[in-house]
Amino acid sequence: MKKFNKWVLLTRIYLSFSMLSLLSVSIMALFDPQSVMDLVGINLNNNDAISSIRGVYGGVGITICLSIFYLLIRHPEKGAGFLSIFWGAYAFSRLITLVSDGPLGDFGNQWLLIETFMALVGLGLWLALSSTRRNQKFILNSGF
């Protein structure tokens, strides 16, 4: 019987929360792309714009959610690492905007904090899970 690991459970909760958050935006983008852009005050005034938001936030978002679901079940450690990079990249992008284009609005500032927090949580979970792996001996099978 497998030993219960609290870090794996916490990581799966983190992965589930991230996946459901992204899934809600993805579904919203698939069915009503304008509603996603209303969050930042952008009007989609042609079908190419609508299709792009539906594809990136909807289609790509669903693909990311499916990937997170797979990692949640099979490789929670790798899922935490992936989401740490994912959320960190969002936060980094906002920081680039802050430096190159000026202050963010309320929406951007709020999400900068959320994305930074989520990246740090993912990093912490990844470190907690990978620390036990680092302590293991590296053994090659005789077939190698």
Side-chain angles (χ1 to χ4, degrees), residues 2-140 144:
K2 282 189 171 184
K3 183 181 170 192
F4 174 76
N5 186 333
K6 69 177 178 180
W7 292 111
V8 171
L9 176 64
L10 290 172
T11 301
R12 286 189 167 136
I13 291 169
Y14 167 75
L15 292 170
S16 297
F17 178 77
S18 293
M19 180 183 66
L20 292 174
S21 300
L22 294 168
L23 186 62
S24 67
V25 173
S26 297
I27 290 171
M28 191 166 63
L30 285 174
F31 292 105
D32 187 9
Q34 183 59 57
S35 66
V36 175
M37 292 296 99
D38 286 344
L39 297 171
V40 290
I42 295 174
N43 185 29
L44 301 174
N45 55 12
N46 63 65
N47 285 345
D48 289 333
I50 292 169
S51 134
S52 294
I53 297 306
R54 185 172 277 135
V56 172
Y57 287 97
V60 173
I62 294 288
T63 303
I64 290 170
C65 289
L66 290 172
S67 299
I68 294 169
F69 183 70
Y70 171 78
L71 292 169
L72 180 144
I73 292 170
R74 302 289 293 184
H75 307 286
E77 175 188 336
K78 292 177 183 176
F82 168 74
L83 282 175
S84 182
I85 294 167
F86 176 84
W87 292 118
Y90 262 116
F92 183 67
S93 298
R94 291 189 197 281
L95 288 175
I96 291 172
T97 302
L98 185 65
V99 170
S100 63
D101 300 312
L104 300 170
D106 290 339
F107 180 90
N109 285 322
Q110 176 184 357
W111 278 100
L112 175 59
L113 290 174
I114 292 169
E115 292 153 357
T116 301
F117 174 77
M118 293 297 283
L120 292 174
V121 169
L123 180 62
L125 290 168
W126 177 78
L127 288 171
L129 289 175
S130 64
S131 68
T132 57
R133 179 166 294 172
R134 280 193 300 269
N135 293 334
Q136 295 174 351
K137 300 281 186 220
F138 181 70
I139 300 172
L140 290 176
F144 286 126

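Below, each value reflects all heavy atoms present in this structure, side chains not excepted, and no hydrogens, waters or symmetry copies.
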> Considering residues, nucleotides and ligands other than Tyr57, do more than 12 of their heavy atoms fall under 6.0 Å from its OH?
Replying inline: no
Show me the donor-acceptor pairs, under 3.5 Å and distance only, between side chains in residues 101-112 and residues at least two apart or in other chains.
{"unit_1": "Asn109", "atom_1": "ND2", "unit_2": "Leu104", "atom_2": "O", "d": "3.2"}
{"unit_1": "Asn109", "atom_1": "ND2", "unit_2": "Gly105", "atom_2": "O", "d": "3.2"}

>> Once ring pair (Phe, Tyr, Trp, His ring centres under 6.0 Å) is applied, do any residues pair with Phe69, and if so which ones, sequence neighbours excluded?
In response: none
> Where do Gly122 and Ser84 come nearest, in terms of heavy atoms and distance?
Replying inline: C-CB, 3.8 Å
> Of all heavy-atom pairs between Leu125 and Ala80, which one has the smallest distance, and what is that distance?
Replying inline: CB-CB, 4.1 Å
> Got Asn47 and Ser51 here, is their nearest side-chain heavy-atom distance under 4.5 Å?
Replying inline: no
> Which pair of heavy atoms, one from Ser16 and one from Leu72, lies closest together, and at what distance?
Replying inline: OG-CD1, 3.0 Å
> side chain to side chain contact (heavy atoms under 4.5 Å, CB included) with Glu77: which of Val8, Leu129, Leu71, Thr11?
Replying inline: Leu129
> If you measure from OG1 on Thr97 to CZ on Phe92, what distance do you get to the nearest 0.5 Å?
Replying inline: 10.5 Å
>> Filter on salt bridge (charged side-chain N to carboxylate O under 4.0 Å, His left out), then keep only pairs touching residues 43-60, sequence neighbours left out; what's left?
In response: none
> Who pairs with Leu66 by side chain to side chain contact (heavy atoms under 4.5 Å, CB included), at least two apart in sequence or on another chain?
Replying inline: Ile62
> How about Val121 and Phe117: do any of their side-chain heavy atoms sit closer than 4.5 Å?
Replying inline: yes
>> Checking Arg94 now: which residues fulfil side chain to side chain donor-acceptor pair (under 3.5 Å) with it, not counting sequence neighbours?
In response: Glu115
> Could you state the interatomic distance from SG (Cys65) to CG (Leu15), rounded to the nearest 0.5 Å?
Replying inline: 11.5 Å
> Listed by chain and number, what are the side chain to side chain contact (heavy atoms under 4.5 Å, CB included) partners of Leu120, not counting sequence neighbours?
Replying inline: Thr116
>> Taking salt bridge (charged side-chain N to carboxylate O under 4.0 Å, His left out) as the cut-off, I'd like each qualifying pair that reaches into residues 11-39, sequence neighbours left out, listed once.
In response: none
>> Strictly distance-based, threshold 3.5 Å: is any side-chain N or O of Asn43 a donor or acceptor partner for the main-chain N or O of Asn45?
In response: no
>> Among residues at least two apart in sequence or on other chains, which ones pass side chain to side chain donor-acceptor pair (under 3.5 Å) with Trp87?
In response: Ser18
> Once you round to the nearest 0.5 Å, how far does CG of Leu83 lie from OG of Ser67?
Replying inline: 10.0 Å
>> Minimum heavy-atom separation for Met118 and Tyr14, please, with both atom names.
In response: O-OH, 2.7 Å
> side chain to side chain contact (heavy atoms under 4.5 Å, CB included) with Ile64: which residues, sequence neighbours excluded?
Replying inline: Leu22, Val60, Ile68, Phe82, Phe86
> Sequence neighbours excluded, which residues qualify as side chain to side chain contact (heavy atoms under 4.5 Å, CB included) partners of Ala49?
Replying inline: Leu44, Asn46
>> Please give me the minimum heavy-atom distance between Val36 and Met28, naming the atom from each residue.
In response: CG2-CE, 3.7 Å
